[in-house]
Amino acid sequence: MKTTPTRRTVLAVIGTVMGALPIAASAQANYPTKPIRLVIGFPAGGGADNTARLYGDALSRELGQPVVVDNRPGAGTTIAAEYVAKSAPDGYTLYIATASLMGGDKVLYKNIRYEPSDFAPITKLSAAPLILAVNKDAGIRNVQDLIAQAKAHPGAINYSSSGNGVITHLAGVYFTKLAGVRMTHVPYKGGAPSAQAVAAGDVQLTFGTAPSVKPMIDTHKVIPIAVTSAQRSNANPQLPTIAESGLKGYDLSAWYGLFAPARTPPEIIDKLFAATAKVMADPELRKRFLAQGDEVSVSASVAEFREFAAREGKIGVDLAQSSGAKID
């Protein structure tokens, strides 16, 4: 039977595709064969950066390839998220993100060009309450002082965050909602400058990650008055919770999770999950996390983290909507 040019072309394409399958399978089996880029949406010095560097160093040793932390701050982490969403789904670009990735970004930012479905959840890495820290000269020594001042001077109390729409912003929204007060949000590009603004007196307080505010606490430039979780933190057991300080029902914790671009092969996702579970079980690494005010909290499975991230995303959407903020 005579083979037409069209048929020859189709056969050639099929042959090329079939021939490439063993190569693709081999690449996945041998992953990684080159450095991995670990992207975060914050500058150096904050909680996300510290988490990325502790985890990245451990993962590099486990996988036998360099893991390079890539700080891409700005626009409430959406610059970094868009970069990862558009990256090749080959396991060489990973993202450390928070719940805002799962829906809150879309509420706050009109022009973002990604969806939660553009990311493949892998595992939770760590979790910790935020620390409510105040300027030493603000005249605030506890949660009741803060509520009293905010009620007496609506809108006059300023609180900083590491960016619009992230957990350190939404913690303030949640506080004002439960306390029935009005405070003014001032976003910064990262946790470190946000904490520094409190120390300098540019704002009165922040709901910051422990790594961000600890240097300011240690030098007595800011005063920690409470943590945001329902129970006291193992890292800072001396600090009361906001709930036990009088604002009943307040319960919010920050977490960092590992994501890849959607369509990353399941074999690579599974290898990254297993490697992460192994390195994060190291007692010495866990101590280092705890020393910075964070606790290792790896998911039981990829599926469990996918469900957890979706639930947390819905909570973030509700808080983002409550904030009323809209960012171009």
Side-chain angles (χ1 to χ4, degrees), residues 20-75 77-98 101 113-114 118-126 162 189-192 209 211 255-282 284-286 288-289 292 294 296-299 302 305-306 309:
L21 287 177
I23 297 174
S26 176
Q28 293 172 24
N30 294 328
Y31 169 86
T33 58
K34 61 181 182 180
I36 296 169
R37 185 185 301 271
L38 187 58
V39 179
I40 60 172
F42 300 96
D49 183 68
N50 287 354
T51 294
R53 293 183 189 280
L54 284 175
Y55 167 66
D57 286 346
L59 186 66
S60 175
R61 291 192 297 271
E62 175 64 20
L63 296 179
Q65 289 290 340
V67 176
V68 181
V69 176
D70 185 356
N71 299 82
R72 291 177 178 261
T77 73
T78 62
I79 292 173
E82 183 174 338
Y83 173 81
V84 175
K86 293 181 177 179
S87 296
D90 56 8
Y92 292 101
T93 301
L94 304 176
Y95 188 37
I96 289 183
T98 65
L101 186 70
R113 293 186 287 262
Y114 58 85
D118 290 327
F119 301 89
I122 301 174
T123 182
K124 186 164 63 164
L125 296 174
S126 63
S162 52
K189 291 184 177 180
T209 62
W255 56 267
Y256 293 115
L258 184 66
F259 296 80
R263 298 176 299 283
T264 298
E267 296 83 359
I268 291 178
I269 296 291
D270 290 342
K271 187 166 188 177
L272 285 166
F273 176 85
T276 299
K278 181 177 179 180
V279 302
M280 297 296 260
D282 176 39
E284 188 57 37
L285 184 63
R286 297 173 80 93
R288 294 180 68 187
F289 268 91
Q292 69 171 22
D294 219 346
V296 169
S297 180
V298 177
S299 303
V302 174
F305 180 56
R306 189 183 303 118

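All residue numbers refer to positions in the sequence shown, counting from 1.
Taking all atoms of both residues into account, the shortest heavy-atom contact from Ser60 to Pro66 is OG-CA, 3.5 Å. For Gly41 against Ala80, the heavy-atom pair with the smallest separation is CA-CB, 3.5 Å. For the residue pair Ala44 and Ala192, the shortest heavy atom distance occurs at O-CB, 4.3 Å. For Pro261 against Ala88, the heavy-atom pair with the smallest separation is CG-O, 3.9 Å. In terms of heavy-atom proximity, Ile269 sits nearest to Ile122 at CD1-CG1, 3.8 Å. The two residues Thr264 and Asp90 make their nearest non-hydrogen contact at OG1-N, 4.4 Å.
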Inset, instruction - Give the C-alpha distance, both sets of side-chain angles, the deciding distance and a yes or no for side chain to side chain contact (heavy atoms under 4.5 Å, CB included) between Ile36 and Leu63. - result: CA-CA 10 Å; Ile36 296 169; Leu63 296 179; 3.8 Å; yes
Inset, instruction - List the steps and the verdict of side chain to side chain contact (heavy atoms under 4.5 Å, CB included) for Ile40 and Asp70. - result: CA-CA 6 Å; Ile40 60 172; Asp70 185 356; over 6 Å; no
Inset, instruction - Assess whether side chain to side chain contact (heavy atoms under 4.5 Å, CB included) is satisfied between Asp294 and Thr51, documenting all intermediate values. - result: CA-CA 9 Å; Asp294 219 346; Thr51 294; 3.4 Å; yes
Legend entry - Verdict with reasoning, Tyr83 to Thr93, per side chain to side chain contact (heavy atoms under 4.5 Å, CB included): CA-CA 9 Å; Tyr83 173 81; Thr93 301; 4.2 Å; yes
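Side-chain contact between Leu258 and Thr276 is present, with at least one heavy-atom pair separated by less than 4.5 Å. Using a 4.5 Å heavy-atom threshold, the side chains of Ile96 and Val39 count as separate. Counting heavy atoms from C-beta outward, Val296 and Leu125 have side chains that stay 4.5 Å or more apart. Considering only heavy atoms from C-beta on, Asp57 stays 4.5 Å or farther from Val67 through its side chain. For the pair Tyr31 and Glu267, the minimum side-chain heavy-atom distance is 4.5 Å or more. Counting only heavy atoms from C-beta outward, the side chains of Tyr95 and Leu101 approach each other to under 4.5 Å. Looking at Thr77 and Phe42, their side chains come closer than 4.5 Å, going by heavy atoms from C-beta outward. Side-chain contact between Leu59 and Gln65 is absent, with no heavy-atom pair separated by less than 4.5 Å.
Taking NZ of Lys189 as the reference point, atom CG of Asn71 lies at 13.5 Å (rounded to 0.5 Å). In this structure, CE on Met280 lies 13.0 Å from CD on Glu62, to the nearest 0.5 angstrom. How far CZ of Arg286 is from OG of Ser126: 11.0 Å, rounded to the nearest 0.5 Å.
You'll find the ring centres of Tyr256 and Tyr55 outside the 6.0 Å limit.
Heavy-atom neighbours of Arg288 CZ from other residues, nucleotides or ligands within 6.0 Å: at or below the threshold of 12. Within a 6.0 Å radius of NZ in Lys271, other residues, nucleotides and ligands contribute more than 12 heavy atoms.
For the residue pair Thr33 / Tyr92, a side-chain donor-acceptor distance below 3.5 Å is found, with atom types taken as modelled. Side-chain contact of Ser299 with Lys124: a donor-acceptor pair under 3.5 Å is absent, judged by distance alone.
The backbone N or O of Val69 lies less than 3.5 Å from no partner atom in the side chain of Arg37, so there is not a single donor-acceptor pair.
Contacts of Tyr114 classified as ring pair (Phe, Tyr, Trp, His ring centres under 6.0 Å), with partners at least two apart in sequence or in another chain: Phe119.
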